[in-house]
Number of protein chains: 2
Amino acid sequence: MATMHDVARLAQVSVSTVSYVLTGTRPISQATRDKVHAAMAELDYQPNAMARGLASRRSRIVGLLMPMDERGLGATETAFVTGAAAAASTAGYHLVLAPVGTTDLDDLRRLASQRMLDGAVLMEVQVEDGRVAVLQEAGVPLVLIGRTSDTAALSYVDIDFDQTVREAVDHLVGLGHTRIAYVNHSEAAIAAGYGPAVRTRDAFVARMAAHGLEPLMIAAEDSAAAGREALDAALAQAPDLTALLAMNENAVFGILGELAARGRTVPGDVSVVSMVTSPQVAELAHPALTAMTSPGSALGRIAVEALLRQLDGVTGDHHQQLLPCALEIRGSTGPPGR
Amino acid sequence: MATMHDVARLAQVSVSTVSYVLTGTRPISQATRDKVHAAMAELDYQPNAMARGLASRRSRIVGLLMPMDERGLGATETAFVTGAAAAASTAGYHLVLAPVGTTDLDDLRRLASQRMLDGAVLMEVQVEDGRVAVLQEAGVPLVLIGRTSDTAALSYVDIDFDQTVREAVDHLVGLGHTRIAYVNHSEAAIAAGYGPAVRTRDAFVARMAAHGLEPLMIAAEDSAAAGREALDAALAQAPDLTALLAMNENAVFGILGELAARGRTVPGDVSVVSMVTSPQVAELAHPALTAMTSPGSALGRIAVEALLRQLDGVTGDHHQQLLPCALEIRGSTGPPGR
DNA sequence: GCGGATTGTCGAAGCGTTTCGACTAACCGG
DNA sequence: CCGGTTAGTCGAAACGCTTCGACAATCCGC
């Protein structure tokens, strides 16, 4: 491996000059720059990332922090990851995937103090999330995907759940539905303060009230089986139900299966809207699901871009942005039955 | 941030002694070790990852290389990623996600020469994969998830497609099916030499021949719509079809939808086996899919563990391992109809 | 009780960059 | 033509660790 010394020697300049050519920190004459570039090309020179990181105190690595406690990632979360990875890579940064749960705060403290991360993106943020304080204390710039309750001094990108729920409810109400149930994430998720679960609950209650309708919410684990149970529960509480909103990608399929098993057609008897869903997943169902399409990889990309701007930024202010999900009408919604 | 100097001063030993306490490279008396540990605790000392990496020429970072050209990751690939991340994290390594396609070999060369990666795990390996040579030339140890045609000097973990296809075919034949079609990945994937597509094709042809049956393979893009078309094509070529094997997670759902639309029941009229599928996804379908369950996160974990062993290993030899998918019988297969 | 191994510690030399201060030469406005 | 910028370059000092060679002290078999 060639080092900067080798390049400097071959180009007959000093090491610092080579460094300036590379970083552009100081002006260098065109002639010198050409000599240096020629030498670098000849030696097939690549700067050593560790040395650079040590001297400049910038690793050009950002972390993507996500809890791994749960049952793997859904399609939406996977899209965050790929979006973030692509954005980092484009900007010449590296993305390390750090599986650090909301409870392993000591692990996180260790990671943050190693000075390996220039910054971090937090996924699966909870309304009260201890990771935020840990990173701030360690002086690691951060951007959230999601948000905590107090966002005053934070950068975040999140889905606009208010707007998303509003559009979904309005779509159903517009079709003429009045008995609408919402199948949310699990009780555990809600209790833990998982943002999407808490915010959609509140938004649902609010929007139904605005229409003068009674809100019915059912919590369900992330599985098809739980979806079936959720449907049972919903029908028990509201036998005259004609529409369902579901946050829970996996549960939706259980709901559809159970509806079919009970001889209820979709959308003839019951309309279904899937919230925060990727088009691919929506297409898997039969009929294809009317869904609020999540801005998946865009969220990941925007989060990383905001972080990088913050890193080499004069900017004192914070990036705070909400993205709505787009309503895509497919085959699972229609006017209420007969 | 406290440095090793601070620790050494406080503990009244030399810097090198602190280093030896940390790395265990040389014996240190219990008394000294205690002093040093006390000092580290008091100062809240964390070693600087960059400095350590520079001095030791080991970054403790491994790369997970995956092409991003395609339509995001499926559930199976996501499981590789999470398995790998967990394994790396457990071993005190970091995992960087590098979206480097099979065609950006120059990007890869650059990445590999930066000395940031101690080793790499390659995902989505093609039968002829240029990335392997690039990494080998750069002297970066690597482990494949998948394998190339010539595996002589390589470490890899892969799914045992032969065995998986055999079990799936035998399951259907055992139920009494004789007209069986295989819905593979796309023509493009096959042409590009994508391992799973190529190997299952060959295995299917071979196993059908062993049973004295005629193999019928249809290629389909990874989408529900393509699955519908694939079913059309299959029925056109073999109207008396009673069973389908599908490699293509997304296409399976299209196939099920189209079967329902044509009034054919599953498994009454047609049995369906989904290959290399996660249980969660299999449960989404109605009826739940009989599937060959992919060893998802285990593959990622094993790959990383093999890589790390290779890194601090005397071992000259290579880790080569095939994992079969387990047949899990659910509701989508049964004896051929009436 | 002797030679050789082992244990425990230290100082110093890297590792390959960035960055700071200093210096020269050219340039510019008055 | 003089003082003050600016452009262009250099040498050396970090950056925070690992590792090598050296050395003293202790141990062990015989």
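Values below: all heavy atoms of this structure, side chains included; hydrogens, waters and symmetry mates excluded. We name chains A, B, ... by the order of the sequence lines, and we start the count at 1 in each one.
Rounded to whole angstrom, the span from the CD atom of Gln114(B) across to the P atom of dG16(C) amounts to 15 Å. Spacing between atom CZ of Arg9(B) and atom C1' of dG11(C) amounts to 16 Å, rounded to whole angstrom units. Remark: C1' of dC17(D) and CZ of Arg52(A) are 20 Å apart, rounded to the nearest angstrom. Going from atom CZ of Arg57(B) over to atom P of dC20(D) covers 9 Å, rounded to whole Å. Nucleotide dT18(C) holds its C1' atom 16 Å from the CE atom of Met50(A), rounded to whole Å. If you measure from atom CE of Met1(A) to atom P of dG14(C), you get 21 Å, rounded to the nearest angstrom. Atom CD1 of Ile28(A) and atom C1' of dT6(D) are 14 Å apart (whole Å). Distance CG (Asn48(B)) to P (dT17(C)): 17 Å, rounded to an integer number of Å.
The backbone N or O of Gly83(B) lies less than 3.5 Å from no partner atom in the side chain of Ser297(B), so there is not a single donor-acceptor pair. A donor-acceptor pair is defined here as one N or O able to donate and one able to accept, closer than 3.5 Å; such a pair exists between the side chain of Asp129(B) and the backbone of Gln126(B). A donor-acceptor distance shorter than 3.5 angstrom exists from the side chain of Ser14(B) to the backbone of Thr17(B), with no hydrogens or angles considered. Between the Glu137(B) side chain and the Val134(B) main chain, no donor and acceptor come within less than 3.5 Å of each other. Although no hydrogens or angles enter the test, the distance criterion places no donor-acceptor pair under 3.5 Å between the side chain of Asp34(B) and the main chain of Ala31(B).
For Pro27(A), whose side chain is taken as the heavy atoms from C-beta onward, the closest listed nucleotide among dG8(D), dG11(C), dG21(C) is dG8(D). Each of dT18(D), dT17(C), dC10(D) was ranked by its minimum atom distance to the side chain of Val13(A); first place goes to dC10(D). The side chain of Ala55(A) lies closest to dT17(C) when the candidates are dG11(D), dT17(C), dT19(C).
Heavy-atom distances to DNA chain D give each of Tyr20(B) and Gln46(B) a nearest nucleotide, and the one nearer the 5′ end belongs to Gln46(B). Each of Ala2(A) and Gln30(B) has a nearest nucleotide on DNA chain C; the 5'-most of these lies closest to Gln30(B). The 5' end of DNA chain D is approached more closely, in terms of each residue's nearest nucleotide, by Gln12(A) than by the other of Thr25(B) and Gln12(A).
A sub-4.0 Å separation between OP1 or OP2 of dC10(C) and a side-chain N or O of Ser14(B) is present. The side chain of Thr17(B) places an N or O atom within less than 4.0 Å of a non-bridging phosphate oxygen (OP1 or OP2) of dC10(C).
Among the heavy atoms of the strands lying under 4.0 Å from Thr3(B) are primed sugar atoms or P, OP1, OP2 only; no base atom is included. When heavy atoms are screened at a 4.0 angstrom cut-off, Ser19(A) is found touching base atoms of the nucleic acid.
Contact annotation: side chain of Ser16(B) to base of dG11(C), donor-acceptor pair present below 3.5 Å. The base of dT9(D) is paired with the side chain of Arg26(A) by a donor and an acceptor separated by under 3.5 Å.
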